[in-house]
Amino acid sequence: MRRSTVLLSAVGLLLAATSCAEQAHDGSASVPASSAAAVGTAPPAPQQPASVQANELGSVPVLMYHQFSDHPASVYDRTPADFRAELERLARENYVPITAGEFTSGRIDIPAGTHPVVLTFDDSTNSQVQLDPKGDPTPDSALGILLDVSKAHPSFRATATFFVNGSPFSVTGATKALTWLTQHGFEVGNHTLHHSNLATLDPAGVQEAIASEQTEITKAVPGMSVHSLALPYGVMPKPGSLAVQGGAGGVAYQHRGVYLVGANPSRSPFDGAFDPAAIPRIRSEAATGPEAQFGSTVWLDRLAENPAGRYTSAGDPDHVTFPKSQASQLAEPLRSRARPY
Ligand SMILES: [Zn+2]
C-alpha cells in the first residue's frame, strides 16, 4: 500500500484523484511500469493524445471465462495454462483490467496509452475462486493466477467481475469468497439464481430469478450493491427492460450493465450507439476450434492489427479524448467532457 500511495501522489496530475481505493486494492495499482521506475522524479507530463494514439471512442474487449481444467470438457473451458498465457498477452499488449461496473459507469481510470479490458467469469465455478484455510486465494485457481500475473506485471491491475449463481463458490463458501472479492476491488455481478433461460419465463418469473440471486449475494455480503447482470446463455427476457430493472419479493434490482454471450468487442461506453442493456462479450478461446473467429485469440489479434479502432486511454478520466475525425460517434450528453484533437 505504501508504495502505491507514493506513486499515486507522484502521478497525481496524470491520474484522477478519485477512485484510488478501487484501484489500489493490493498495492499493485494501475500505475504504469515506467512510472514505477521513476519514483521521486516527475512523471512524464500528460502526453499529447496523438502521441499515444488516444481514442476513447474505440472498442473494448469484454472477455468471458467459465471453468478452468487441465482437461477441458467443452469450448467454454480453458486450461489454467491457457488462461495464464492469455493474461500475460493482455499485460504485454498494454491492457489494464477494469470491472464491468467501472466500464458502464464510464469511470475508466487507466494510464495514457493503455487499453481497458473487462475480465468476466460466469457460473461461479470452484475453479475460478478458491481460498486456502488461511483465507488466501489458491495459486491454481483463476483468481490466484490473475493475482500472480498482476504481481509480475504491476501495471496489469488485478480485478475482474464474477457473475454468480445460486450460493456461489461452494468449496470456499459464498460468504468467505464474496467477502474476499469485494474487499480486494473485484466486482460481484448477478447471473440469476438457477441459471435460467429468461426467455422461457413470464415477467414475474424473470424478476424472481434475478432478485432471488441478488438476495443470495447480499446475504453473503450485507450491504453490497449489485450493478451488473450477465444473461444466462446470453438470452434476453421479454421484455428486455426486466434485465435492467425490476423486483420480486420486496427486493428491487437495477443494473448499469447487462451482458450477453457473444461475439465481438463492445463499443466504448462513450459512443452514442453504446447500449448498456446489451453488451457483447468475447469467449476466451484459442485461435482454432469451434467458432474461433468469435473467440478471444482471434479478436485480440484483430484489435492489435487495427490499433486505431481500439480504445486507447489519454490518461485523463475526467474527459473523453478522441481524434476529431470520430467526433460524430460521441454520445451527445458527453459533449461537455469531450477533448477532440
Ligand atoms: Zn452461465
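When a ligand or atom number is given, it counts from 1 through the structure's own listing order. Numbers here are sequence positions counted from 1. In this text the structure is predicted, and so the values were computed from the model without any measurement.
No side-chain N or O of Ser268 forms a donor-acceptor pair with one of Glu56 less than 3.5 Å apart.
Inside a sphere of radius 2.8 Å centred on the Zn ion (ligand 1), the protein N/O/S atoms present are Asp123 OD1, His191 NE2, His195 NE2.
Partners of Asp275 by salt bridge (Lys or Arg N to Asp or Glu O under 4.0 Å), not counting sequence neighbours: none found. Remark: Phe322 engages no residue in a ring-ring contact (aromatic ring centres under 6.0 Å, His included) (not counting sequence neighbours). For Asp148, the side chain to side chain donor-acceptor pair (under 3.5 Å) partners at least two apart in sequence or on another chain are Arg84.
Below 30°, between 30° and 60°, or above 60°: for Phe162 and Phe169 the angle between ring planes is above 60°, a perpendicular geometry.
The aromatic ring centroids of Tyr311 and Phe103 lie 6.0 Å or more from each other.
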